[in-house]
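Just so we're on the same page: letters track the sequence lines, and every chain starts at 1. What you see is a predicted model, and the numbers here were worked out from it, not measured in a lab.
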Protein chains: 2
Amino acid sequence: MEEPERLKKQKELIEYIGRQNEREGFQPVPARIMGLLLVMDKEEYTFEEIVEEMQISKSSVSTALKNLEIRGIIEYVTYPGDRKRYFRAISGEIDTFINEVETKMIKNLATINQIIELKKDPNSRSAMFLKSIMTGMDFFIRKLDELKTEYKKDR
Amino acid sequence: MEEPERLKKQKELIEYIGRQNEREGFQPVPARIMGLLLVMDKEEYTFEEIVEEMQISKSSVSTALKNLEIRGIIEYVTYPGDRKRYFRAISGEIDTFINEVETKMIKNLATINQIIELKKDPNSRSAMFLKSIMTGMDFFIRKLDELKTEYKKDR
DNA sequence: AAGTTGGTTCTGTGAATTCCGAACTAAAAA
DNA sequence: TTTTTAGTTCGGAATTCACAGAACCAACTT
């Protein structure tokens with residue numbers, strides 16, 4: 001692929017990832033900065049470079065980076081004798097993702113349990129149905145744990 | 001538990017589920033209507049009943065219900081000789097949930113693949129790292145499929 | 001044919017969000 | 001000590017969004 005063509009496609013991909021991240025609850029600016037850090041060839045971006053590259057105000061970049069750092073999905077390093085911060089995407093391993101799914105499910109499980117406990121008739125169609133969901137989730141969560149250990153063992 | 005006490009707790013739970021759903025990208029109104037349909041003892045709600053119960057305008061309820069239906073998480077039934085629609089939460093089985101997780105992962109996988117393909121150096125630290133993520137996701141997705149069939153067999 | 005029921009669709013608005021510029025700060029350089 | 005660098009924080013402007021109200025529509029009733 002021609003060099004300018006590749007660059008153009010990278011930019012488009014950043015925009016796409018940006019929109020995708022927005023759907024995950026990111027604000028537009030952090031969403032696209034994430035894209036930048038993932039897509040481009042440069043492994044580390046300074047604050048100033050992000051401002052330049054994305055044409056976003058310093059203040060927005062500042063809050064966005066703080067935001068992303070708090071979420072634990074980017075980090076920065078500094079080099080001796082250089083006051084700049086070098087930002088990069090954090091290497092989120094697969095079990096981070098699994099853990100997220102798991103945590104969410106456990107929380108949902110608790111909520112469903114609450115719902116059932118507050119039903120007048122615990123044998124009603126909806127209560128029974130919710131119980132079956134719980135069984136399924138339980139099964140799933142147990143399996144997720146097995147899965148994590150299995151994956152770790154493999155490497 | 002005393003009857004009014006139970007009702008109060010149900011209302012609180014609806015509000016909690018509402019906030020939870022908002023975090024999943026729902027708007028406030030659909031988020032709480034979902035809660036209503038899940039928590040209360042009444043198995044089916046008419047449009048009018050939802051308006052009454054939640055004190056929300058007809059227009060908002062109308063769009064919210066359409067919204068939820070398009071998402072495929074509620075449905076309505078009608079009864080002969082009755083023009084009203086009776087809404088209820090759809091019995092989303094556990095594999096619906098798994099499928100959602102799976103679909104999302106597959107989409108992410110495709111995006112990551114795009115990123116790698118657009119890298120100048122496919123052996124760079126970040127490209128290698130993305131590849132390892134892909135391996136993990138691949139493993140996970142395959143296992144999810146096994147898991148679904150295993151679960152179905154059990155019942 | 002006129003009215004009622006059970007909603008839907010279409011703006012308008014208040015509130016929330018997002019972003020920017022300007023003022024500020026802390027550390028390093030001159 | 002002043003200036004420059006590398007950002008942060010604050011207040012407001014602009015944009016976006018969710019919701020309500022009103023007008024509307026289609027089917028049924030009287």
Side-chain angles (χ1 to χ4, degrees), chain A residues 14-15 17-37 42-71 73-89, chain B residues 14-37 42-71 73-88:
Chain A
I14 291 175
E15 173 59 21
I17 292 175
R19 288 195 307 268
Q20 223 51 31
N21 283 340
E22 280 190 69
R23 298 181 59 183
E24 302 288 321
F26 287 70
Q27 296 138 300
V29 169
R32 277 155 190 81
I33 290 181
M34 265 324 284
L36 181 78
L37 296 180
K42 196 194 281 281
E43 305 270 355
E44 290 169 344
Y45 272 84
T46 68
F47 183 94
E48 200 47 41
E49 281 167 345
I50 295 171
V51 169
E52 291 286 305
E53 186 75 45
M54 305 255 83
Q55 302 280 44
I56 300 166
S57 73
K58 289 207 297 171
S59 59
S60 301
V61 171
S62 176
T63 25
L65 289 174
K66 190 192 291 174
N67 195 308
L68 292 170
E69 224 206 316
I70 288 171
R71 287 202 193 219
I73 52 184
I74 68 164
E75 62 185 1
Y76 66 85
V77 285
T78 54
Y79 296 102
D82 186 349
R83 204 142 61 86
K84 285 177 194 139
R85 292 175 181 181
Y86 292 80
F87 292 91
R88 61 186 184 205
Chain B
I14 291 175
E15 174 59 21
Y16 172 75
I17 292 175
R19 289 195 307 267
Q20 222 53 29
N21 283 339
E22 279 190 71
R23 299 180 61 181
E24 302 288 320
F26 287 69
Q27 298 138 299
V29 170
R32 278 153 190 82
I33 290 180
M34 265 324 283
L36 181 78
L37 296 180
K42 197 195 280 282
E43 305 269 356
E44 289 170 346
Y45 272 85
T46 69
F47 183 93
E48 249 321 298
E49 283 168 344
I50 295 170
V51 169
E52 291 286 305
E53 187 76 45
M54 305 254 83
Q55 302 279 46
I56 300 166
S57 75
K58 288 207 298 171
S59 61
S60 301
V61 171
S62 177
T63 24
L65 290 174
K66 191 194 291 173
N67 197 308
L68 292 170
E69 224 205 316
I70 288 171
R71 287 202 192 217
I73 52 184
I74 68 164
E75 62 186 1
Y76 65 85
V77 284
T78 54
Y79 296 101
D82 186 348
R83 204 140 64 83
K84 285 177 194 138
R85 292 175 182 181
Y86 292 81
F87 292 91
R88 63 186 182 203

Just how far, in rounded Å, is [atom2] of [N] from [atom1] of [X]?
X      : N       : atom1 : atom2 : value
N67(A) : dG7(D)  : CG    : P     : 17 Å
I33(B) : dG7(C)  : CD1   : P     : 13 Å
I70(B) : dT8(C)  : CD1   : P     : 11 Å
Y45(A) : dG7(D)  : OH    : P     : 16 Å
N21(A) : dT18(C) : CG    : P     : 14 Å
E52(B) : dG7(C)  : CD    : C1'   : 14 Å
E48(B) : dG7(C)  : CD    : C1'   : 9 Å
R32(B) : dA18(D) : CZ    : P     : 13 Å

Ionic contact status for E75(B) with R88(B), cut-off 4.0 Å: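 Yes.
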
Electrostatic pair K84(A)-E48(A), nearest N-O below 4.0 angstrom: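 A salt bridge is absent here (no side-chain N lies under 4.0 Å from a carboxylate O).
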
Looking only at the side chain of [X] (C-beta and beyond, no hydrogens), which of the listed nucleotides [options] gets closest?
X      : options                   : answer
Q27(A) : dA27(C), dT18(C), dC19(D) : dT18(C)
K58(B) : dG6(C), dG21(C), dC19(C)  : dG6(C)
P28(A) : dC20(C), dT18(C), dT9(C)  : dT18(C)
S62(A) : dC19(C), dA20(D), dT8(D)  : dT8(D)
S57(A) : dG21(D), dC20(C), dT8(C)  : dC20(C)
K66(A) : dA20(D), dC19(C), dT9(D)  : dT9(D)
I56(A) : dA22(D), dT8(D), dC20(C)  : dC20(C)

Sugar-phosphate, base or nothing in reach of V29(A), heavy atoms under 4.0 Å: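 Sugar-phosphate contact only.
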
side-chain hydrogen bond (donor to acceptor under 3.5 Å, both in side chains) between S59(B) and S62(B), intermediate numbers included: CA-CA 5 Å; S59(B) 61; S62(B) 177; over 6 Å; no

Flag, side chain of E69(B) to backbone of K66(B), donor-acceptor distance under 3.5 Å: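 No, because the side chain of E69(B) does not come within donor-acceptor range (under 3.5 Å) of the backbone of K66(B).
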
S60(A) side chain near dC20(C) phosphate (N/O to OP1/OP2, under 4.0 Å):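 Indeed, a polar side-chain atom of S60(A) lies that close.
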
R85(A) side-chain N/O to dT8(D) phosphate OP1/OP2 under 4.0 Å: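 Yes, because at least one side-chain N or O of R85(A) sits under 4.0 Å from OP1 or OP2 of dT8(D).
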
Nearest-nucleotide 5' precedence on DNA chain C, T63(A) against G81(A):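 Its nearest nucleotide being more 5', the pick is T63(A).
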
Earlier contact from the 5' end, DNA chain D, for R83(B) and K84(A):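 Its nearest nucleotide being more 5', the pick is K84(A).
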
Ring centers of F87(B), F47(B) separated by less than 6.0 Å: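 No, ring centres 6.0 Å or more apart.
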
